[in-house]
Structures are given as C-alpha cells and as structure tokens.
Amino acid sequence: MLAAAAAPTRTIAAPVSCRSAGRREDGGGSATARMPRAILDLFRKMRAGEFPDGAHVLRAKIDMASPNINLRDPAIYRIKHATHHNTGDKWCIYPMYTYAHPIEDAIEHITHSICTLEFEDQRPFYDWLLDKLADGGFFTRPLPQQIEFARLNLTYVVLSKRKLIQLVDEKHVAGWDDPRMPTLVGARRRGYTPEGFRRFTDQIGVSKSDGWIDYSVFEACQRDVLNDTAPRRIAVLDPVKLIIDNYPEGQSEDCFAPNHPQQPELGKRVIPFSRELWIEREDFTETPPKGYFRLFPGNAVRLRYGYVVQCTGCDRDAAGRITAVHCEYLPDTKSGTPGADSVKVKGNIHWVSAAHAHEAGVRLYDRLFRTAQPGQESGNFLDDLNAESVKVIRAQLEPALKDAAPEASFQFERHGYFVADHVDTKPGAPVFNRTVTLKDSWVKTEK
RNA sequence: UGGGGAGUCGCCAAGUGGUAAGGCAUCGGAUUUUGAUUCCGACAUUCGCAGGUUCGAUCCCUGCCUCCCCAGCCA
C-alpha cells in the first residue's frame, strides 16, 4: 500500500511540506514557494528516515480558504519511525487514513464505499483526491463514491472496538467469545442464529438519522427463528420436589411429548413419569396472587403431557423453606388417553421425573448492561454493567437432553431458547446457555 | 463560531405534490396441554415549529427551533 500510494503523490498539483510547528492555518504559504523537485527530495528524505517524527509532513495543496477544514491543505503523509510488518524499518512515512482510503477503494474498483456519518465532511477530500488521480491517469472514471449512513446503535449493548477490548482486557467478561459479547464468536456461543441476524437487519433498515434500535427488536427476531426451528424439551431450572402421594412407589410409565407443537411431523419423544418429580419452585405457592393458576393447596393443574394433579400441601424445613410439594393424581386424566380432558384445568406446568432426570449446568444470560445507553449518565460505560448478566445454575433435564449435540438449540418449554455450549459440552454431559427467554405476559400482570 | 448532517407513533422506518406502509413495543379479544406460538382488532386528522406557494404540502419555498458530527501529523 505504501508503495502504491507514494507514486500518485507526484501528480498532485503541488504537494507541499512544511515544518512541524506549522499548523494548517500558517503552513501553506512558505511551501508554495518551494520547487516541486526540492519537495520531492525532502519527501524522500522523510521516507528514508532522515528526520525525527513530526519534523515534516507532506500536505496536499488544495484551498487554505475553504470553510471545510479537510480541504485546507490536509496532511497526507507523516513521519513515523515505526516497524512495519512488511517493510520493517526501511520506510519511515505513513499515509493518513483519509488519504489512503480513497486510493484503496479505487485500486479495488469499489463502486460505493459505505461508511458512517462522521465521515460526511471528509467526502469533498475523497472526491478531490480521486479526481486529481483520475486526471493524472492513475484511475479511470467512474470513480468510487463514498456514501455515509448512520451506524447501528443497539440499546443495552456497546459495539465500539475500544470498549469491547476494555471489557475483555479488564475481565468484565470471560473473553471475546463470552456469550454476552456482541462478537461473532460470542453470538454463536449465545445461540443467536444467522437467520435471526438477517431478519434483524431486514427490519431495522438503513438511514442517515442516528438513533437507537431497541434490543427487543433483535430479541424478537431471534425468537421468531428459534420458535420455528428449535425442538421443544423440558428443563426444570429451579427444582423443588413434587410428591404424588397416591402414585405407587417404584413405578414409572412413559408419557409422550411432541417435539414441536406446530410441526407434528417432527414426532414425539418419551418422557418417563414417576412418583417423585422435579417442578419449578415458582410453580407452587401457598398464597396465590390474583390470577395465579398454578399449584397451590386445593388447586388442580396438569402436569404437561402427563396427569392432572391436585395439590394437597407442602413440607418445610426448620428455616421455613419449602422442601417438597404434595399432590394426588387423577388416574383417568393422562394426556393422550380418552379421559384426558375429563377434568378441565387452567394451569399446565412442566416437570421431570426425579429418578430419570439428568442434572446439568445451565447459564442464564441477560443483558450485559442495565441501562439502554451504557455510560450515558456517568460517562463511564462500565458503571452500567449489569451485575446479574449471568447466573450459573444446576438444572434438572429430561433424559432426551443428555445427549444434546454442541450448538444444538432447544426451547425449554415455558422458559426460553437454550443452546448446548460448543466449548463446554462433552458427550453425555451438555452445558446449556440461555439464548433468549420466551415472552412472558405473566411477569407483567404480577406487578 | 465556522463547516457538515438529521428531524414522520414510545423505538426503528416507508412514503417525497393527491390526502400517513411495515416491524418492535403497547392495549383489547379468540384459539391453545408452553401465562409461548398463532389469529383477529386497537394504536399519527398528522409528518420539529411558523409562515408562504398550490385546488391540494410530510413532500416545494422562506424563516426559526432541536439534536448529532468535524475543527488530530486518529480512524
């Protein structure tokens, strides 16, 4: 790139160099008096490393009276005694990005060079440079065109490289592939799908007004895709025992659950049922709030894909914590049998047979930041880190989940979408990452 | 201050002279063995503000207001 860029400088109307002390406002005048040959000679000495950093700079002569400062004889090469990965220490000048960029675009036959809004007032220089180089025969028209659009700002997310590096370096996250990171490797471990990203980009559009896309738009896109593609499975994330007192000890039977309620062609899987099950702690309460239709003493619910049970009470330990919930099942109500609908219930909770469950690690991820625009208030985005952006738990899974393949996504019914982590999952010992929760209108009515 | 941009529903975003698409969110209601999904319905007499042109303006003109970016030998 350096070599390619060096040649064209000779064609610029009158490239000039000036003393390091001179800024744009006062540096142009003396240089116009210099002869091109003298300037070329000086430039070669700059390149050869005969001057210290900052001693000279090569500037393009354009228009010192321009209201656009980028046209006031901008610097295009400066001296830097840096070791280059290709040229080593032989070449001591480096082009400015604003100078190199249009040339690179032209060399690569770029037609539309898309960039962000902050480069808008750089465009006149971009056009000026390529126009000069085309006049000099280095490039043919039509020339590349720089077109600016707003960058993507996503609420609750930081995307700047500087900030991402800081998150990793200062170990606020586990690494570049931490599932909370908005990186390709992070998104992949999180279980976000490529199709979900495509849907997202289709929906947010492209414009020149800089705004903030709400993270819920992104989540909705991921849910859309996962809802169609992810097989359903049962996982109890916060287990408490449910004991069916009138079900024989030691007995078990098979229940059948569809892999996808909207796609029966995907078949069913077997889920073992027995006397002692794991259910979610939050699916039972002794003091039900208004509208609560899960387990509470006297109430009946369906054990999804199994029987209807009636709650009889619970056990507590010395500290008052519930250790087990008790119920009795209605033998004729098994899902899939003629009597299944003989008893109507509103509630429907999931469960896993304690004797058949597979315990596994699950990471519940949430937004990395707790404010929509991290750092907006305090000026330091780290102040807005969400302390609860990850919760590592042990969950009780249905047997079919034991052999989940790395990167396989599932919907854990009533919870959300989860993916088998491709780094930590071992054969027969999956570890799951929560991609995104299901929508939950109950948490809203609760408040 | 000078220069460069942007202002259409809570958040994005079409429309650019003929009387305001769509998505997310929200709120109703139906279906549902996921308080999910799906489905139906509601959701800007109004397009930053004020004038003007026009039969008619979000769109054209004038003025104003607000917000963002630049003023590195950074990218």
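All values below come from the heavy atoms of this structure, side chains included, with hydrogens, waters and symmetry mates left out. Just so we're on the same page: letters track the sequence lines, and every chain starts at 1.
Between rU37(B) and K439(A), a contact under 4.0 Å exists linking OP1 or OP2 to a side-chain N or O. Using a 4.0 Å cut-off, some side-chain N or O of S207(A) falls inside it from OP1 or OP2 of rA13(B).
Here the two rings, on F273(A) and W351(A), have centers that are under 6.0 Å apart.
Here E148(A) lies out of heavy-atom contact (under 4.0 Å) with every strand. Residue-level contact check: E120(A) touches the backbone only, with heavy atoms under 4.0 Å from sugar-phosphate atoms and none from bases. Nucleic acid contact class of F119(A) (heavy atoms, under 4.0 Å, all strands): base. Within 4.0 Å (heavy atoms only), G416(A) reaches no atom of the nucleic acid at all. Within 4.0 Å (heavy atoms only), P261(A) reaches at least one base atom of the nucleic acid. Within the nucleic acid shown, Y307(A) has no heavy atom closer than 4.0 Å to any nucleic acid atom. V206(A) comes within 4.0 angstrom of the backbone, heavy atoms only, and of no base. Within the 4.0 angstrom heavy-atom criterion, only backbone atoms of the sugar-phosphate kind lie near D210(A); the bases stay farther away. At the heavy-atom level, G211(A) lies under 4.0 Å from the strands shown only through sugar-phosphate atoms. Residue contacts for E219(A): at a heavy-atom cut-off of 4.0 Å it reaches no nucleic acid atom on any strand shown.
Comment: D202(A) does not engage R198(A) in a salt bridge, judged by the lack of any side-chain N to carboxylate O separation of less than 4.0 angstrom.
The interatomic distance linking Q203(A) (CD) with rC11(B) (C1') rounds to 13 Å, in whole Å. For the pair Y97(A) OH and rG72(B) P, the computed distance is 18 Å after rounding to whole Å. Rounded to a whole Å, the OH atom of Y215(A) is 16 Å from the C1' atom of rC12(B). The CZ atom of R233(A) sits 15 Å away from the C1' atom of rU34(B) (whole-angstrom rounding). Between D214(A) atom CG and rC24(B) atom C1' there is a gap of 8 Å when expressed in whole angstrom units.
A donor-acceptor contact under 3.5 Å is formed by the side chain of R232(A) with the base of rU34(B). Between the side chain of D121(A) and the base of rG3(B), a donor-acceptor pair under 3.5 Å is found. Residue side chain R294(A) reaches the base of rG35(B) through a donor-acceptor N/O pair under 3.5 Å, judged by distance alone. In terms of polar N and O atoms assigned as donor or acceptor, the side chain of Q262(A) never comes within less than 3.5 Å of the base of rU38(B) in a complementary pairing.
Listed nucleotides: rA13(B), rA36(B), rA75(B). Nearest to the side chain of L438(A): rA36(B).
The 12-atom threshold is exceeded at CG of L266(A), counting heavy atoms of other residues, nucleotides or ligands nearer than 6.0 Å.
Comparing Q411(A) and R78(A) by the nucleotide of RNA chain B whose heavy atom lies nearest to each, the residue mapping closer to the 5' end is Q411(A).
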